[in-house]
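Heads up, the thing below is written out as structure tokens.
Values below: every heavy atom of this structure, side chains too, minus hydrogens, waters and symmetry copies. The sequence lines fix the lettering, A, B, ..., with proteins before strands; numbering per chain opens at 1.
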Number of protein chains: 2
Amino acid sequence: MTHPLRKHIEEIIHLTDEEFEFILSHFEQIKKRKHQYLVQEGDIVKKEFWIIKGCLKSSFIDNEGKEHILQFGMENWWITDYESFVNQTASKISIDCIEDSELLYITAENRDALTAKMHKMERFWAKKSKYGRIALQNRVLSLLQNSAKERYDVLLNQYPQLFQRVPKKMIAAYLGVSRETLSRLNS
Amino acid sequence: MTHPLRKHIEEIIHLTDEEFEFILSHFEQIKKRKHQYLVQEGDIVKKEFWIIKGCLKSSFIDNEGKEHILQFGMENWWITDYESFVNQTASKISIDCIEDSELLYITAENRDALTAKMHKMERFWAKKSKYGRIALQNRVLSLLQNSAKERYDVLLNQYPQLFQRVPKKMIAAYLGVSRETLSRLNS
DNA sequence: CTTAAAATGTGATCTACATCACTTTAAAAC
DNA sequence: GTTTTAAAGTGATGTAGATCACATTTTAAG
């Protein structure tokens, strides 16, 4: 059975068995339990994570103590704090597990080394980066344009599994509404 | 006097005279007058623009006829609709000039050709793409976290020139508040 | 199994911001 | 310079969604 990461990369570029083994050798695998942190506020993030199994969130707590969720991550998704990872500055956000999770991670050094030796990975990273940006752009548009109910419906249609796996108050923190309001949106 | 685009690129990678000339040969220059479109809703965007001089906005009109502004662009900024440019799908947004503007543009083909022949441009594009993503990420956080007044103050501090150059109702459309509310934020 | 701790729902009330309506001011266009 | 059009300010009123308070249900922990 093909490795899920291989499937994931091959959605963008084609790989031989040796190439994939070479790629995989640049990653490490870890397991984390529910409520464990991958990144804590203040860390300088050295790794980019790919989710084999589980569910995570990247979020931050504002000065009123309210949590805001930037991203959820599930199987086959990448997650990290890009700002900290790219600029090597202290992270404003935390990333933690909503479920027990299994992850692969790659450091910036390994990523650079891999890309240098295997040039076509550049296309993979570039494409992923572009997609991430487009998703964020659409989220900005949605926050500017849509009501709480509309944002809720869009998310529910796009990621129905999410609603089975994460508490509603986190959905609320992602959508930018209070949990009370979210609870009333169904009716 | 060094070309402003050269200065801009050299903030990230170093260039010889020949290299810059080679880069520049992949661009075309155009002038547009105030109110003219660079991209109209429905277009499949073929170009990425770099602003030599002037001021532009990328925006879209929702089904209630309200304008929402995704991005402003001024001197030394890049502007395009990434979603359409990357995926070659119909653009949801329009880009038009707030002032008479002078622009350089590069097509996807020229960009690929340039990058293929001059590998270090890859690093330049990658970095720009990352910065764009980080900016969007922070905008999402700001929309989730901050009040209209707070978002206004942040923007005013970050880009004071913008407030001299664009009508307030456009600032409002960028911040996600009505122009009436924006007008009352000062007091 | 029992107890503690989250998660969720729901009413009552409050408030930031939207919308509508109209006036004033400034900038294009002729 | 005069007219037209767009920008900006401001009051009155409406409303989506926040906040507070408490009850109920579900999940986790001892």
Side-chain angles (χ1 to χ4, degrees), chain A residues 32-37 54-57 59 61-69 72 96-101 142-156 161-187, chain B residues 32-37 54-57 59 61-69 72 94 96-101 142-156 160-187:
Chain A
K32 289 276 179 182
R33 306 208 63 190
K34 190 167 170 173
H35 294 131
Q36 280 192 303
Y37 285 108
C55 187
L56 300 95
K57 64 177 160 67
S59 67
I61 310 289
D62 70 22
N63 30 38
E64 277 124 50
K66 254 199 284 185
E67 180 176 45
H68 303 279
I69 295 181
F72 289 109
D96 66 284
C97 298
I98 300 172
E99 302 171 356
D100 294 355
S101 301
S142 168
L143 283 167
L144 290 177
Q145 181 192 198
N146 300 125
S147 68
K149 172 71 172 152
E150 289 166 332
R151 279 176 274 147
Y152 175 89
D153 288 339
V154 168
L155 189 68
L156 182 58
Q161 347 80 288
L162 200 65
F163 289 71
Q164 309 309 120
R165 294 176 74 171
V166 321
K168 299 275 169 68
K169 67 165 181 179
M170 292 182 190
I171 304 278
Y174 177 87
L175 291 174
V177 291
S178 69
R179 41 160 288 274
E180 294 94 334
T181 296
L182 187 93
S183 164
R184 284 183 256 252
L185 288 180
N186 294 307
S187 40
Chain B
K32 288 274 178 182
R33 306 209 63 190
K34 190 168 170 173
H35 295 130
Q36 280 193 303
Y37 284 107
C55 187
L56 301 94
K57 63 176 159 69
S59 66
I61 310 289
D62 70 22
N63 30 38
E64 276 123 49
K66 254 200 282 187
E67 180 176 45
H68 303 278
I69 294 181
F72 289 110
S94 300
D96 67 284
C97 297
I98 300 171
E99 300 171 357
D100 294 355
S101 302
S142 168
L143 284 167
L144 290 177
Q145 181 191 197
N146 300 124
S147 67
K149 172 69 172 154
E150 289 166 332
R151 279 176 273 147
Y152 175 88
D153 289 338
V154 168
L155 189 68
L156 182 57
Q161 348 79 290
L162 200 65
F163 289 71
Q164 309 310 120
R165 293 175 75 169
V166 321
K168 299 275 170 68
K169 67 163 181 179
M170 291 183 191
I171 304 278
Y174 178 86
L175 292 174
V177 290
S178 68
R179 42 157 292 273
E180 293 92 334
T181 295
L182 187 93
S183 164
R184 284 183 255 252
L185 288 181
N186 294 306
S187 40

What one-letter contact string describes nucleotides 13-30 of chain C from 5' to 3', where B marks a base within less than 4.0 Å of any protein heavy atom, S marks contact via sugar-phosphate atoms alone, and - marks no contact?
-> ----SBBB-------S--
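- A close approach under 4.0 Å does occur between a side-chain nitrogen or oxygen of A:K169 and OP1 or OP2 of C:dA7.
- In this structure, the side chains of B:R165 and B:I98 stay at 4.5 Å or more apart for every pair of heavy atoms.
- Every residue two or more places apart in sequence or in another chain that forms a ring pair (Phe, Tyr, Trp, His ring centres under 6.0 Å) with A:F163 is listed here: A:Y152.
- Contact of the B:V154 side chain with the B:S142 side chain is not registered, since no non-hydrogen atoms from C-beta on lie closer than 4.5 Å.
- For A:R165 and D:dT27, the CZ to P distance is 16 Å, given to the nearest whole Å.
- Distance CD1 (A:I98) to C1' (D:dT27): 16 Å, rounded to an integer number of Å.
- Rounding to whole angstrom units, NE2 of residue A:H68 and P of D:dA18 are separated by 11 Å.
- When side chains are defined from C-beta on, B:M170 counts as touching B:F72, because their heavy atoms get closer than 4.5 Å.
- The shortest side-chain heavy-atom distance between A:D153 and A:K149 falls under the 4.5 Å cut-off.
- Within the 4.5 Å cutoff, side-chain heavy atoms of B:L143 are placed close to those of A:L144.
- Evaluated for a salt bridge (Lys or Arg N to Asp or Glu O under 4.0 Å) with B:E67, the options B:K169, B:K57, B:R179 yield exactly one hit, B:K57.
- Between B:R33 and B:D100 there is a salt bridge, since a side-chain N of the basic residue sits under 4.0 Å from a carboxylate O of the acidic one.
- Rounded to 10°, the angle separating the first-five-pair axis and the last-five-pair axis of the helix from C:dC1-D:dG30 to C:dC30-D:dG1 equals 60°.
- Rounded to whole Å, atom C1' of D:dG17 lies 13 Å from atom CG of A:L175.
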